[in-house]
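Report on the structure given below.
Just so we're on the same page: letters track the sequence lines, and every chain starts at 1. All of these numbers come straight from a predicted model, not from anything done at the bench.
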Protein chains: 2
Amino acid sequence: MTEQLTSDRILAAAEDVLRRFGLAKATVVDVARALGVSHGSVYRHFPSKAALRDAVTERWLVGVSDPLRAVAEADRPATERLRHWLDTLIAAKQTKAREDPELFATYIALTEEAREVVGRHVATLAGQLAGIVADGVASGEFAPVDTALAGRALLDATGRFHNPAHAGEWADPGIDAAFEAVWSLVLSGLAARG
Amino acid sequence: MTEQLTSDRILAAAEDVLRRFGLAKATVVDVARALGVSHGSVYRHFPSKAALRDAVTERWLVGVSDPLRAVAEADRPATERLRHWLDTLIAAKQTKAREDPELFATYIALTEEAREVVGRHVATLAGQLAGIVADGVASGEFAPVDTALAGRALLDATGRFHNPAHAGEWADPGIDAAFEAVWSLVLSGLAARG
DNA sequence: CAGCTGACAGAGTTTGAAATCTGTCAGTCC
DNA sequence: GGACTGACAGATTTCAAACTCTGTCAGCTG
């Protein structure tokens, strides 16, 4: 008997097939072939192609949000953590977009079809930011605010620099200066008076 | 002789054809037919279909930025003008998207193909915001900043609520609360201390 | 003779028949 | 008997031939 077929092995194969063929050309039969099984077997682990697609998307988004959690929870001043967190998110997205545009385009297409999964991802990110803001308020670095709303506001306000919908603008020459301007605006917005 | 053929009459006809057929189905021959002329005549006024498309896009974007100029230049406190300006821009976009989604989708598609025209439009909007910020700094409402950068930062930070790339999120229930959170963040960011 | 027409070449799009894919399930195999 | 196969129906996609569109230009027309 060859190795047991698991959801994890299917997901890995699906990622590989997506990387090689792109979203439009990747089929369930391709994934099954890559694993040396019939496509019927894939359907014992995922109820539909859409479910498999969503699972791949979730895996990718967890790969983005997981490293950020460590940054959000580091033992450093809230301002510094906030900046590091944004830099990390922005670098992760922009580097992927620059270094493998085709694969990045595949992931953008995936996320467009998995709005629910993306919604949870965005909530996760906003929650991490809310945590940083809460710490900053507690330490007196930031003025008191509704931390959940402020976390979401920070994510929204910086969207141009990490939201894939704006990927086409990331090559603009002024993009770094634009981020610095937004950063200084929102940082003064958070900062405690005096 | 029927009325003289002008660029303006062609533009009006092109808008009409786009409204009726959408971007994908609208042809130069359709525009010419609507005017009762041969399509060759259209090419005496616009060097290509792309140029005609760009002119229609520019006309539409001017229709957005022109009413905003009056708001930006009104004789009112900068904070109030800024809020009114953003409310007006957001209402203009979101109302169009809600009331005629098909036509709005056509205009989104148009803007995607006219990046240069859109770039000028964005610069115009950022300039109007910079003007409001400059007045606010002069009056002491806002802390001193690089007004051009701050104008662009305000536009970027509020993008989720007016940039058509985010049109799909405008029906979200929390969208108004999210705008209020961003507004309060950027307003504190601008405000002068004390 | 300025403004317009309409035939034309090459590019791009439609169309529908053939091929492929998704999702199911009765049946095989260890 | 649980994991897997593979044949199948219906949905979707591909492909190439037929058609339509863009952009040009020689010539008409008022």
Heavy-atom contacts, protein to nucleotides 21-30 of chain C, under 4.0 Å, summarised as B (base), S (sugar-phosphate only) or - (none) per nt, yield SBBB------
For the pair [X] (side chain) and [Y] (backbone), establish whether a donor and an acceptor sit closer than 3.5 Å, ignoring hydrogens and angles.
{"X": "A/T95", "Y": "A/A92", "answer": "no"}
{"X": "A/D172", "Y": "A/G174", "answer": "no"}
{"X": "A/Q94", "Y": "A/F161", "answer": "yes"}

Could you give the side-chain donor-acceptor pairs of residues 60-76 of chain B under 3.5 Å, partners two or more places apart or in another chain?
{"from": "B/S65", "atom 1": "OG", "to": "B/L61", "atom 2": "O", "distance (Å)": "3.3"}
{"from": "B/R76", "atom 1": "NH1", "to": "B/E80", "atom 2": "OE1", "distance (Å)": "3.2"}
{"from": "B/R76", "atom 1": "NH1", "to": "B/E80", "atom 2": "OE2", "distance (Å)": "2.5"}

Taking atom [atom2] of [N] as reference, at what distance in whole Å does atom [atom1] of [X] sit?
{"X": "B/F46", "N": "C/dC4", "atom1": "CZ", "atom2": "P", "answer": "13 Å"}
{"X": "A/L35", "N": "D/dA3", "atom1": "CG", "atom2": "C1'", "answer": "15 Å"}
{"X": "A/H45", "N": "D/dT5", "atom1": "NE2", "atom2": "P", "answer": "11 Å"}
{"X": "B/L5", "N": "C/dC4", "atom1": "CG", "atom2": "P", "answer": "5 Å"}

Can you see if the side chain of B/S38 gets near the phosphate of C/dT5 - specifically, an N or O under 4.0 Å from OP1 or OP2? yes
Only pairs at least two apart or in different chains count here, so list each side chain to side chain donor-acceptor pair (under 3.5 Å) that has a residue in residues 107-116 of chain B. B/R53-B/E113
Suppose we screen for salt bridge (charged side-chain N to carboxylate O under 4.0 Å, His left out). Which residues come up paired with A/R152, at least two apart in sequence or across chains?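 Applying salt bridge (charged side-chain N to carboxylate O under 4.0 Å, His left out) to A/R152 gives A/D156.
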What residues, two or more places apart in sequence or in another chain, satisfy side-chain hydrogen bond (donor to acceptor under 3.5 Å, both in side chains) together with B/R20?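 Result, side-chain hydrogen bond (donor to acceptor under 3.5 Å, both in side chains) vs B/R20: B/D16.
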Might you point out which heavy atoms bring A/L5 and A/H45 nearest each other, and give the distance in Å?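 Looks like O-NE2, 3.2 Å.
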Under 4.0 Å from any atom of DNA chain D, heavy atoms only: list the residues of residues 11-24 of chain B that qualify, in numerical order.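 Residues of residues 11-24 of chain B under 4.0 Å from DNA chain D: none.
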